[in-house]
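Down below is the structure, laid out as structure tokens.
This chain uses plain numbering: 1 for the first residue, then up along the sequence.
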Amino acid sequence: KKSTMRDSVTVILLLLASCILTTTNALSSTNYRTRPFATAFRCPLCHLAAKSKEKKNSTASSSSSGHGGSEERLWTAAYSGSSAPLSPLSCFQGHSFDRSAKGYVNLLATTTGGANKLTGDSTAMCQARRGFLNQGHYQDLAEMVCSEVTGPILKLRDAEDRRQQEEKVAAAAASILKAEDEPNKLPSDDDTPVDLTSLTPRQRKLEAKRRRRRVEKDTRGQAQQAKSAAKAEAREQAEAFQRLPLVIDLGCGEGWYTSQLVDALQEKSSSESKVGVARIAALDVSKDAAGMTARRFPIVVPPKKRIDGITNQDTDPSETSTTTPAVHVDTAVANAKAILPFANDSVSVIVSIFAPRDTSELHRVINKKSDGNSVVVIAQPNPRHLQELRTLEVGGHGLNFVSVEENKERRVVDGMVSAGFVLSHQQTLEGSMTLSATDVGNLVRMGPSAFHQTESSEQVLAELDQLEDFEVSITKSFSVLVFEPVPDDVIS
């Protein structure tokens, strides 16, 4: 009996050990292994002190040095196959920033020095803006802005395609020269044929053993070559991803204009690049707005960095854009008037539609070495914009609608010029739109006027919500200003 009991205990222990080993192997599988993920953002804590002369893409030197050289560092994000798809975004210096389940990274508290009081637009404002913009009243403005963005991006893409073609030609030429040198290579002892019939039995055994070792060596060499080739391809695509033109959407709001930019770039795209055509970084000070933008664009891991089972658990299919890897969108909560989380000279196009901005930061991050292909596109309302709403009355009461200052355009131009830009050209959009009562209510609630409503104006909005046959013609008037950066050496 004791022997039988010992045998049973032994079997149980062996089964338990087998289960533990299986679990350990499962936990160390690909789905739970973290991998690096390139992002458009740079650490707002240390990227400004980029005075080191260290080489680009040098992870080891970046992690061992101080804050210097951080401009060249890539951030990393750990991905797993668990129910929490996104871990915090962190730089090699150890600074970590949380990613929301909705997909955006929160950089606000750091970039503004604890400015959590900056809340931005509320959920109600974002929903009102989405309801108004989805009616297409500002579609012509979006098309005008997109036309100013796609031009420079396509020029940069064509330049990158030419560069890649030149690299392919150079690689083909090098391969031909290498092939021509191969016949001159002296054969090794292993290549010399052996006549087995002239060997003794012992020599035949040794020869068979030598051939077997050679086959094993060749097999290991082929496997190593395949592994090296896969790593080289992944590294090449990661570098290509970083070379994609970067577009910043300052004050992205709930993402309607961002989606217009994505659609325009994808429509114009004919590149065969495996990594895409452009990257878009959408910023907003409001968590609600950034969350709605991020939900339009589920997280896209660059090629060769995908992991099975990664999905955006909070993505609403009804709000999801048909984004393909041609355009990559990354969203962050950040203050557009503070330090921007981007490296110097790393941005190709900056878009600011009705959003505040720090002109000195725009000049720091814009690429001033792109031969005129880097621009800042600013869309703003003119004084005549929505002028009828300032006199609209319902039941004897009016709306407290914010007016546009008369010299706004001149002030914007002077501010950009003093920061190191020149006005390349501008366009003016004038027209009218027929709005329903719902449209008027959304228009008032979606912008700065929402913060200036009184009890009587709120009553007007409530009465408008009850009207069904109400229509009013409203003027729309915009200016789209396009600026080009002046190089630093010219300014100095």
> Is there a side-chain contact (heavy atoms from CB on, under 4.5 Å) between Val365 and Ile350 once you walk through the steps?
Replying inline: CA-CA 9 Å; Val365 302; Ile350 300 175; 3.9 Å; yes

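Put simply, the side chain of Glu388 gets close to the backbone of Thr475: a donor and an acceptor are under 3.5 Å apart. Proximity of a side-chain donor or acceptor of Lys287 to a complementary backbone N or O of Tyr104 within less than 3.5 Å is not detected. Counting only distance, with no hydrogens or angles, the side chain of Arg364 and the backbone of Leu340 share a donor-acceptor pair below 3.5 Å. Counting only distance, with no hydrogens or angles, the side chain of Arg279 and the backbone of Leu244 share a donor-acceptor pair below 3.5 Å. Of the possible donor and acceptor atoms, none in the side chain of Ser477 sits under 3.5 Å from a partner among the backbone N and O of Glu430. Side-chain atoms of Thr293 come within 3.5 Å of backbone N or O of Gly255 as a donor-acceptor pair. The backbone N or O of Asp121 lies less than 3.5 Å from a partner atom in the side chain of Ser286, making a donor-acceptor pair. Without hydrogens or angle criteria, Asn382 side chain to Arg384 main chain gives no donor-acceptor distance under 3.5 Å. At least one donor-acceptor pair under 3.5 Å links the side chain of Asp439 to the backbone N or O of Ser436.
Looking at Glu143 and Gln260, their side chains never bring a donor and an acceptor atom within 3.5 Å of each other.
With salt bridges taken as basic N to acidic carboxylate O contacts below 4.0 Å, none links Arg129 and Glu254.
Rounded to the nearest 0.5 angstrom, Ile474 CD1 and Ser432 OG are separated by 9.5 Å. Here the NZ atom belonging to Lys102 is positioned 8.5 Å from the CE atom belonging to Met292, to the nearest 0.5 angstrom. Rounding to the nearest 0.5 Å places SG of Cys252 at 4.5 Å from CG of Asp284. Between the OG atom of Ser259 and the CG atom of Asp249 there is a distance of 9.5 Å, given to the nearest 0.5 Å. With rounding to the nearest 0.5 angstrom, the OG1 atom of Thr438 is 12.0 Å from the CG atom of Leu443. To the nearest 0.5 Å, the span separating CG on Leu283 from CZ on Arg357 amounts to 14.0 Å.
The ring of Tyr138 has its center closer than 6.0 angstrom to the ring center of Phe132.
Looking at residues two or more places apart in sequence or on another chain, you find a side-chain contact (heavy atoms from CB on, under 4.5 Å) between Lys476 and Asp140, His385, Met433, Phe478. Contacts of Asn373 classified as side-chain hydrogen bond (donor to acceptor under 3.5 Å, both in side chains), with partners at least two apart in sequence or in another chain: none. Remark: Arg390 pairs with Gln387, Phe401, Ser403, Val404 by the side-chain contact (heavy atoms from CB on, under 4.5 Å) rule, at least two apart or across chains.
Using bins of under 30°, 30° to 60° and over 60° for the plane-to-plane angle, the ring pair Phe342/Phe41 lands in the tilted bin.
When all heavy atoms of Leu246 and Val347 are compared, the closest pair comes out as O-CG1, 3.5 Å.
Inter-residue side-chain proximity for Phe421 and Val376 is flagged as met; some heavy-atom pair is nearer than 4.5 Å. At a threshold of 4.5 Å between non-hydrogen side-chain atoms, the residues Val351 and Tyr257 do not count as touching. Using a 4.5 Å heavy-atom cutoff, the side chains of Val486 and Lys368 are not in contact. Looking only at side-chain heavy atoms (C-beta outward), Phe483 and Leu362 stay at 4.5 Å or farther from each other.
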